[in-house]
Chemist: 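Dropping a structure here in structure tokens format, bear with me for questions.
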Amino acid sequence: MDLLLPTRSDLWFLPLGGTGEIGMNLNLYGHDGQWLMVDCGLSFNEPIDENSARTHELVCADPEFIAQQRHRLAGIVITHAHEDHVGALPFLWRRFQVPVYTTPFTAEILRRKLAQVGLLGEVEIHELPLASRFKVGVFDLQWITLTHSIPEPSGLMIETSAGNVFHTGDWKIDHSPVLGERFSPAILTTLRKRDVKAMVCDSTNALRVGHSVSEFDCYKALLEVIKDESGRVVVGCFSSNIARLASLARVAKETGRYLALLGRSLQNMVSAARASGYWPDDLPVVDPSHLGYLPPNEVLAVATGSQGEPRAMLNRLARDDCFDLSLDKGDLVLFSAMIIPGNELAIERLVKSFKAQGVRTLQKHETELPIHVSGHPCQDELAAMYDWVRPQVAIPTHGEPEHMAANARIAKDAHVPRQLTGLNGDLFTIAPEVGVRKQATKAKRIALAR
């Protein structure tokens, strides 16, 4: 493996995961003999190989490149608490053994994950409030607070003697979030005065025209669907979407139902939100064991497994193998989640299993109501971000090649002078020269044991 060593005049971006794919984010920035890791995430149910129907349950980017020179790794920064940004850290930290820097809510989630693998007392976690400025090695950093589908999503302003980069992380423009502060462009317009050489930007929804839908509109849609139901309602959604869970708790309160959480990841996430002050005190959650004693019209359950995961609670409900709840003919299972590419067949099988029992299902594409909304920016939002920040170079990431190509076109139309696209393992040189060195290191992935 080639040794890539940045000098004082160099500013590099080297993605090992998350560029050319959605999920499994692991990014490196290089300057003055040091590396900074931004995010350390995982992916789920990846095929073992191109010709196999079998999958690895958990997969992450292979960290060999940076693990072999961990003495040059200044620290790890986690932008938010989604699994594709933080989930691999408990599995990989022993290979790095450096401090971790993140915001309070993400720190709470991380501590719980570390406790599960016996690392809670070993990892040095620096818990930094929103908008903090801090230093990690040769990198001067600042949180840039944004909006997304989880508390405390933060972009990262990275300043070095060779130049500055704005790493957006995951974001959208939400003027009516259910939790947290509404989106404000004020801080972003100040970045243009800080000579941003490059903006490394989320591309997930770059193929979608217009503007993403607010989380508050999703709450209203869920209320509209559920308020007239006479049977049990089960909602499948991502456990990390605290705003969606709070919306469902409010829907339960307004429709005379009791909210229960089916699945440990959901229960853990709400517990972390309570501990961090993000769960409203007026929204109760009942123990799942109470569901069997309630009349059908008072049951609202949220279950894991919206992507058809075989061991998650939705599949157990479909097999009538859930200890706390059984569904009857006419009950409704509502999918308040996107279909992640590659999971189509698993979700289709799950839906067929429910329908075979007479249980109704509702997916996003079957209604005009926004029963799920994305946490990522569409084309108008990307154009606005480029106009606010005005970087010299656009580096699309967090997307498949077609998403990143669309992001690059938006940047060009927004008068960003240069656009660089590439894949995991490519070295993006931001200073002193701008360019891409293809396959500077071999980007691989590894399976994780649970």
Side-chain angles (χ1 to χ4, degrees), residues 13-29 38-39 41-43 61 79-80 82-85 144 146-150 153-158 165-174 183 188 191 196-213 238 338-342 373-428 430 434 436 438 443 445:
F13 171 61
L14 177 61
L16 299 182
T19 296
E21 63 196 350
I22 295 175
M24 209 163 58
N25 299 279
L26 197 162
N27 306 289
L28 296 171
Y29 287 92
V38 178
D39 291 330
L42 50 74
S43 185
T79 60
H80 65 284
H82 275 147
E83 289 294 300
D84 62 333
H85 292 258
I144 305 297
L146 302 170
T147 49
H148 185 41
S149 55
I150 197 168
S154 296
L156 190 67
M157 187 65 182
I158 303 170
V165 175
F166 177 44
H167 182 101
T168 70
D170 290 3
W171 65 282
K172 67 184 283 187
I173 296 176
D174 195 339
F183 186 93
L188 297 167
L191 298 185
V196 177
K197 286 190 175 294
M199 186 168 88
V200 177
C201 184
D202 180 358
S203 305
T204 309
N205 282 343
L207 294 172
R208 297 187 184 182
V209 299
H211 196 291
S212 63
V213 179
F238 298 120
M338 66 174 288
I339 298 176
I340 295 176
V373 298
S374 175
H376 301 272
C378 297
Q379 292 178 3
D380 289 353
E381 294 157 279
L382 288 168
M385 181 68 87
Y386 283 120
D387 181 60
W388 290 325
V389 178
R390 297 183 185 175
Q392 299 170 32
V393 181
I395 303 178
T397 187
H398 203 290
E400 296 173 346
E402 58 267 33
H403 301 105
M404 298 189 299
N407 190 337
R409 289 193 295 270
I410 294 166
K412 184 176 181 180
D413 291 342
H415 308 295
V416 177
R418 295 283 300 274
Q419 305 86 41
L420 298 180
T421 56
L423 299 172
N424 295 327
D426 293 344
L427 179 67
F428 296 78
I430 300 167
V434 175
V436 181
K438 295 294 183 180
R445 55 189 64 197

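Note that these values count all heavy atoms, side chains included, but never hydrogens, waters or copies made by symmetry.
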Chemist: Going by ring-ring contact (aromatic ring centres under 6.0 Å, His included), name the residues that satisfy it together with Phe13, two or more places apart in sequence or in a different chain.
Modeler: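 Once residues adjacent in sequence are excluded, the partners of Phe13 under the ring-ring contact (aromatic ring centres under 6.0 Å, His included) criterion are Tyr29, Phe428.
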Chemist: Does a donor on one side chain and an acceptor on the other come within less than 3.5 Å for Thr397 and Thr19?
Modeler: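 Distance-only check passes for Thr397 and Thr19.
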Chemist: Check whether any side-chain heavy atom of Thr168 lies under 4.5 Å from a side-chain heavy atom of Val200, and answer yes or no.
Modeler: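 Counting from C-beta outward, Thr168 and Val200 never come under 4.5 Å.
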Chemist: What I want to check is whether the side chains of Ser374 and Asn205 have a donor and an acceptor closer together than 3.5 Å.
Modeler: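 Per modelled atom types, Ser374 and Asn205 side chains form a pair under 3.5 Å.
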Chemist: May I have the step-by-step check of side-chain hydrogen bond (donor to acceptor under 3.5 Å, both in side chains) for Thr204 and His398, ending in yes or no?
Modeler: CA-CA 6 Å; Thr204 309; His398 203 290; 2.8 Å; yes
Chemist: Using atom types as modelled, flag every donor-acceptor pair under 3.5 Å from a side chain in residues 386-395 to any protein atom, sequence neighbours excluded.
Modeler:
{"unit_1": "Tyr386", "atom_1": "OH", "unit_2": "Asn407", "atom_2": "OD1", "d": "2.6"}
{"unit_1": "Arg390", "atom_1": "NE", "unit_2": "Asp387", "atom_2": "O", "d": "3.0"}
{"unit_1": "Gln392", "atom_1": "NE2", "unit_2": "Asp195", "atom_2": "OD1", "d": "2.7"}

Chemist: With rounding to the nearest 0.5 Å, note down the distance linking CG in Leu146 to CE in Met385.
Modeler: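 Reported value, rounded in 0.5 Å steps: 5.5 Å.
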Chemist: Is there a donor-acceptor contact under 3.5 Å linking the side chains of His85 and Asn25?
Modeler: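 The answer is yes; a qualifying pair exists.
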Chemist: Of all heavy-atom pairs between Ala408 and Thr421, which one has the smallest distance, and what is that distance?
Modeler: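 Shortest heavy-atom separation between Ala408 and Thr421 comes out as CB-CG2, 3.9 Å.
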Chemist: Checking salt bridge (Lys or Arg N to Asp or Glu O under 4.0 Å) for the pair Glu381/Arg208: CA distance, chi angles, key distance, verdict?
Modeler: CA-CA 10 Å; Glu381 294 157 279; Arg208 297 187 184 182; over 6 Å; no
Chemist: Let me confirm one number: the CD1-OG distance from Ile144 to Ser154, rounded to the nearest 0.5 Å.
Modeler: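 One finds 8.5 Å between CD1 of Ile144 and OG of Ser154.
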Chemist: Once rounded to the nearest 0.5 Å, what's the spacing between atom CG of Leu26 and atom CG of Leu16?
Modeler: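 Those atoms lie 5.5 Å apart.
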Chemist: In Å, rounded to the nearest 0.5 Å, how long is the span from CG of Leu42 to CD of Glu83?
Modeler: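 These two atoms lie 5.5 Å from each other.
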Chemist: Evaluate the ring planes of His148 and His80, with Trp represented by its six-membered ring, and classify them as parallel (under 30°), tilted (30 to 60°) or perpendicular (over 60°).
Modeler: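 Plane angle over 60°, so perpendicular.
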Chemist: So, does Asp39 use its side chain to make a donor-acceptor pair with the main chain of Thr79 at under 3.5 Å?
Modeler: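 Checking the backbone N and O of Thr79 against the side chain of Asp39, a donor-acceptor pair under 3.5 Å is found.
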Chemist: Identify the two heavy atoms, one from Ala406 and one from Ala206, that lie closest to each other, and give their separation to 0.1 Å.
Modeler: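 Result for this residue pair: CB-O, 3.6 Å.
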Chemist: Do Ser212 and Cys378 have side chains that get closer than 4.5 Å, going by heavy atoms?
Modeler: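 Yes, close enough: below the 4.5 Å cut-off.
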Chemist: Find out whether Leu14 and Asn27 are in side-chain contact, i.e. whether some heavy atom of one side chain is under 4.5 Å from a heavy atom of the other.
Modeler: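 Leu14 vs Asn27: side chains apart.
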Chemist: Please tell me if the side chains of Val165 and Met157 come closer than 4.5 Å, counting only heavy atoms from C-beta onward.
Modeler: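 Val165 vs Met157: side chains apart.
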Chemist: So do Met24 and Asp84 actually touch side chain to side chain, heavy atoms under 4.5 Å?
Modeler: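 The answer is no; the side chains never approach within 4.5 Å.
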Chemist: To check you understand the geometry: which heavy-atom pair defines the closest contact between Leu423 and Pro401, and what is its length?
Modeler: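 So the two residues come closest at CD2-CG, 4.2 Å.
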Chemist: What distance do Glu400 atom CD and Ser203 atom OG have between them, rounded to the nearest 0.5 Å?
Modeler: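 Spacing of CD (Glu400) from OG (Ser203) equals 11.0 Å.
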Chemist: Walk me through whether Asp380 and His211 qualify under side-chain hydrogen bond (donor to acceptor under 3.5 Å, both in side chains).
Modeler: CA-CA 6 Å; Asp380 289 353; His211 196 291; over 6 Å; no
Chemist: If you measure from NE2 on His376 to CG on Asp170, what distance do you get to the nearest 0.5 Å?
Modeler: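 Separation between the atoms: 4.5 Å.
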Chemist: Heavy atoms only: give me the nearest Ala383-Ala414 pair and the separation to one decimal.
Modeler: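 So the minimum-distance heavy-atom pair works out to O-CB, 4.4 Å.
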Chemist: Are any of the side-chain heavy atoms of Phe238 and His82 separated by less than 4.5 Å?
Modeler: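 No - every pair of side-chain heavy atoms lies 4.5 Å or more apart.
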Chemist: Tell me the salt bridge (Lys or Arg N to Asp or Glu O under 4.0 Å) pairs involving residues 415-428, sequence neighbours left out?
Modeler: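 Matches after skipping sequence neighbours: Asp426-Lys438.
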Chemist: Can you find a heavy atom in the side chain of Trp171 that is under 4.5 Å from one in the side chain of Pro377?
Modeler: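 The answer is yes; the side chains approach within 4.5 Å.
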Chemist: Whether the side chain of Thr147 engages the backbone of Asp174 through a donor-acceptor N/O pair (distance < 3.5 Å, no angle test) should be reported.
Modeler: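 Side chain of Thr147 to backbone of Asp174, a donor-acceptor pair under 3.5 Å: yes, one is there.
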